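All values below come from the heavy atoms of this structure, side chains included, with hydrogens, waters and symmetry mates left out. Every value quoted in this text rests on a predicted model; they were computed, and no experiment measured them. Numbers restart at 1 for each chain; the letters A, B, ... are given by sequence-line order, proteins then strands.
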Number of protein chains: 2
Amino acid sequence: MDQRQALAAFSALSQETRLHIIRMLVVSGPDGMAAGAIAEKAEVSPSNVSFHLKELERAGLIAQQRESRSIIYTANYERLGGLIRFLMEDCCGGNPEICAPAAKVAACCSPKIEGKFQ
Amino acid sequence: MDQRQALAAFSALSQETRLHIIRMLVVSGPDGMAAGAIAEKAEVSPSNVSFHLKELERAGLIAQQRESRSIIYTANYERLGGLIRFLMEDCCGGNPEICAPAAKVAACCSPKIEGKFQ
DNA sequence: TCCATATTTCAATAATCCTTGAATAATTGA
DNA sequence: TCAATTATTCAAGGATTATTGAAATATGGA
């Protein structure tokens, strides 16, 4: 992930509705959610959710695919991981202080995978 | 770090000049940098840098302290770490896929501290 | 006190972003 | 083909954010 992409991702995540959408899509996993379902759960109008989904897609944080009449949106895990990595490498360069708490969280989130890097 | 703070932090980091400033301040460590030095290095006008510094401070990502005629700005490591943590916990809830790459970076950044959490 | 230095604040303008509702497009089933 | 469903696009507006240069504030030294 380069700086341009990171800036776009930060911008995309700096809006309440969009952060909410990302949360829902991460939880819903590979199945994703239809635009209508997202609008309903986030309690915003169809055209408004469409606007925000476009922003998130422009930032590369989500992807879409049509399924019959619905358009299914899914979170881009790789991009989200890439953003965390950008933040850590960009901030962590010589500063373990910032990364240490993150390492702790990482250990909690993925105890098995963690083992790989010992 | 709560959602309000995270939204403010994402917003603050979504601007090129401000991202540049954060980078410089993280590198400069506890000594920090004077506003004028930041303006010079970032190649922006004094009044413009002042505007962006205020934004970063409002987001809690930096702090200031007067030293004689200069005002010294320093990065808030705790907040930066908190933002990474927010991103991981908020995205990682049940999704090690996203956190695994971050865990790898964390291991690289702070090999010694990492040991604490085994 | 007066001047120079370092920085912020202010006002005006430009640019970007968000929301709303109406119009449009794509798909499916009767 | 026609109607219903699902979603996007568009235009208008209001709101927020960014940039600029001039004026104001704070500090320290002659």
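Comparing A:R58 and A:S68 against DNA chain C, the residue whose closest nucleotide sits nearer the 5' end is A:R58.
In this structure, CD in A:Q64 is found 12.0 Å from CG in A:L56, a value given to the nearest 0.5 Å. With values rounded to the nearest 0.5 angstrom, B:L53 atom CG is found 4.5 Å from B:I62 atom CD1. A:L25 contributes atom CG, which lies 7.5 Å from atom OG1 of A:T74 (distance to the nearest 0.5 angstrom). Note that the OG atom of B:S50 and the CD1 atom of B:I71 stand 8.0 Å from one another [nearest 0.5 Å]. Separating the CD1 atom in A:I38 from the OG atom in A:S28 is a distance of 7.5 Å, to the nearest 0.5 Å.
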Hey, what are the protein-to-nucleotides 3-8 of chain C N/O distances that come in under 3.5 Å?
| residue | atom | partner | partner atom | Å |
| --- | --- | --- | --- | --- |
| C:dT7 | OP1 | B:A35 | N | 3.1 |
| C:dT7 | OP1 | B:G36 | N | 3.4 |
| C:dT7 | OP1 | B:I71 | N | 3.4 |
| C:dT7 | OP2 | B:G36 | N | 2.7 |
| C:dT8 | OP1 | B:Y73 | OH | 2.3 |
| C:dT8 | OP2 | B:S50 | OG | 2.9 |
| C:dT8 | O5' | B:S50 | OG | 3.1 |

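We find that CZ of B:F10 is positioned 17 Å from P of C:dC17, with the value rounded to whole Å. Between the CD atom of A:E67 and the P atom of C:dT28 there is a distance of 10 Å, rounded to whole Å. The nearest whole Å value for the distance from the CG atom in B:L7 to the P atom in C:dC18 is 11 Å.
Judged purely by atom type and a 3.5 angstrom limit, A:Y77 has no side-chain atom pairing as donor or acceptor with the backbone of B:P96.
The closest side-chain heavy-atom distance from B:E78 to A:E97 is not below 4.5 Å.
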For residues 9-21 of chain A, tabulate all N or O donor-acceptor pairs below 3.5 Å that involve a side-chain atom, not counting sequence neighbours.
| residue | atom | partner | partner atom | Å |
| --- | --- | --- | --- | --- |
| A:S14 | OG | A:S11 | O | 2.8 |
| A:Q15 | OE1 | A:T17 | N | 2.9 |
| A:Q15 | OE1 | A:R18 | N | 3.2 |
| A:R18 | NE | A:A12 | O | 2.8 |
| A:R18 | NH1 | A:H52 | ND1 | 3.1 |
| A:R18 | NH2 | A:S11 | O | 3.4 |

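First and last contacting nucleotides of DNA chain D toward chain B (any atom under 4.0 angstrom from a heavy atom, 5' to 3' order): D:dA18 to D:dG28.
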